[in-house]
Amino acid sequence: LAAAERLKQKINDFTLNNETTINNPEIKQLFDSLIKGCPEFATVIGKVQHTTHHYSVDVHTLKVLQNAFNNPEYQKLDNESKTILKFAILLHDLGKQEGVIDKGHYEASAKYAVSILNKYNLPDRVKNRIIETIYNHHWFEAYNKGKIGPEMVCANFRSLRDFEIAAIMGKADLMGVSDDFHLTEATKTRIPERFEEFWQRNIETIR
């Protein structure tokens with residue numbers, strides 16, 4: 001019992017009382033709050049991705065969050081959908097392997113999310129929507145490369161509302177690879193307006 005109590009205290013210290021060593025106070029506060037709310041996030045801090053990505057997994061994740069919040073479509077979501085989107089973004093790359101092109105990380109991340117979400121007092125329907133969003137978060141890559149059509153995209157989501165969440169996350173994730181990856185990869189140009197037109201045209205086709 002004494003050993004179990006000491007172990008419990010060590011876990012509590014690591015997850016609740018630990019903190020990052022970052023000089024920037026604003027970034028430090030953000031990371032510390034993330035780790036206390038979701039200790040599993042600590043596993044991706046500084047984790048290097050393959051060469052296409054300019055950012056480590058943690059920085060990429062925060063950039064995806066920022067991109068999603070800056071999307072005008074985000075403000076149109078109801079509160080439950082906003083919660084689903086935020087959880088899905090925070091957890092979407094937790095299963096990614098370091099330094100390699102990991103095509104299966106969406107599945108590993110979704111599996112991790114199942115156990116992580118059990119800690120939170122969320123309705124089962126919300127947890128299921130978060131997990132499905134994580135599992136399908138590379139839907140646009142498959143669609144853009146012709147691997148799946150609009151019908152298959154729609155089949156991956158329960159409702160139009162879930163597709164709207166996935167669209168915001170998909171765009172934010174693409175933009176979070178580097179400063180211009182989404183421009184050159186999707187439209188072969190560095191003109192942001194062309195990318196917006198390209199993106200909207202595809203979304204309307206699927207809708």
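Values reported hereafter were calculated over all heavy atoms of this structure, with side chains retained and with hydrogens, waters and symmetry mates removed. In what follows, residues are counted from 1 in the order of the sequence shown.
Electrostatic pairing of E73 and K76 counts as a salt bridge here, judged by a charged N lying under 4.0 Å from a carboxylate O. A salt bridge links R207 to E204: one of the charged nitrogens lies within less than 4.0 Å of a carboxylate oxygen. Between E80 and R125 there is a salt bridge, since a side-chain N of the basic residue sits under 4.0 Å from a carboxylate O of the acidic one.
Counting heavy atoms from C-beta outward, F181 and L174 have side chains that approach closer than 4.5 Å. You'll find the side chain of H60 reaches within 4.5 Å of the side chain of H92, heavy atoms only. Within the 4.5 Å cutoff, no side-chain heavy atoms of V44 are placed close to those of K96. Contact annotation: the side chain of K171 approaches that of E196 to within less than 4.5 Å [non-hydrogen atoms, C-beta and beyond].
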Report task. Check the pair H54 / D179 against side-chain contact (heavy atoms from CB on, under 4.5 Å), numbers first and verdict last. Result -> CA-CA 8 Å; H54 286 191; D179 290 340; 5.7 Å; no

Query raised in the report: Does the side-chain contact (heavy atoms from CB on, under 4.5 Å) test come out yes or no for V126 and F87, once each step is laid out?
Result: CA-CA 10 Å; V126 172; F87 267 101; over 6 Å; no

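Under a 3.5 Å cut-off, the side chain of N70 and the backbone N or O of Q66 do form a donor-acceptor pair. W139 places a side-chain N or O within 3.5 Å of a backbone atom of A166 that can act as its donor or acceptor partner. Side chain of N144 to backbone of F140: no donor-acceptor contact under 3.5 angstrom is found. Looking at D58, its side chain never comes within 3.5 Å of a backbone N or O of I45 through a donor-acceptor pair. Panel note: side chain D78, backbone S81; a donor-acceptor pair is recorded below 3.5 Å. Remark: the backbone N or O of F198 is paired with a side-chain donor or acceptor of N202 at under 3.5 angstrom. Proximity of a side-chain donor or acceptor of D102 to a complementary backbone N or O of E98 within less than 3.5 Å is not detected. Although no hydrogens or angles enter the test, the distance criterion places a donor-acceptor pair under 3.5 Å between the side chain of T43 and the main chain of E40. In terms of modelled atom types and a separation under 3.5 Å, the side chain of E132 and the main chain of N156 share no donor-acceptor contact.
Cluster membership check: Y112 shares its hydrophobic cluster with Y120, using side-chain heavy-atom separations under 4.5 Å among Ile, Leu, Val, Met, Phe, Trp and Tyr. Y135 and L94 are not part of a single hydrophobic cluster, where members link through side-chain heavy atoms under 4.5 Å apart. By the criterion of side-chain heavy atoms lying less than 4.5 angstrom apart, applied directly or through intervening Ile, Leu, Val, Met, Phe, Trp or Tyr residues, V57 is grouped together with I134 in one hydrophobic cluster. Residue Y55 is not grouped with residue L65 when hydrophobic side chains (ILVMFWY) are merged at heavy-atom distances under 4.5 angstrom, including chains of intermediate members. Transitive grouping of hydrophobic side chains (ILVMFWY, heavy atoms separated by less than 4.5 Å) brings V114 and L90 into a common cluster.
You'll find the ring centres of H137 and H105 inside the 6.0 Å limit.
With values rounded to the nearest 0.5 angstrom, I165 atom CD1 is found 11.5 Å from K86 atom NZ. D93 CG to S56 OG: the interatomic distance, rounded to the nearest 0.5 Å, is 11.0 Å. In this structure, CZ in F195 is found 6.5 Å from CE in M175, a value given to the nearest 0.5 Å.
A tilted orientation is assigned to the rings of F69 and Y74, their planes being inclined by 30° to 60°. Between H53 and H50, the ring-plane angle classifies as perpendicular under the 30° and 60° cut-offs.
Here the closest non-hydrogen pair linking V64 and A172 is O-CB, 3.4 Å.
Counting heavy atoms of neighbouring residues, nucleotides and ligands inside a 6.0 Å radius, atom NZ of K47 exceeds 12 of them.
Among the candidates T133, L117, I131, the single residue satisfying the side chain to side chain contact (heavy atoms under 4.5 Å, CB included) test with L91 is L117.
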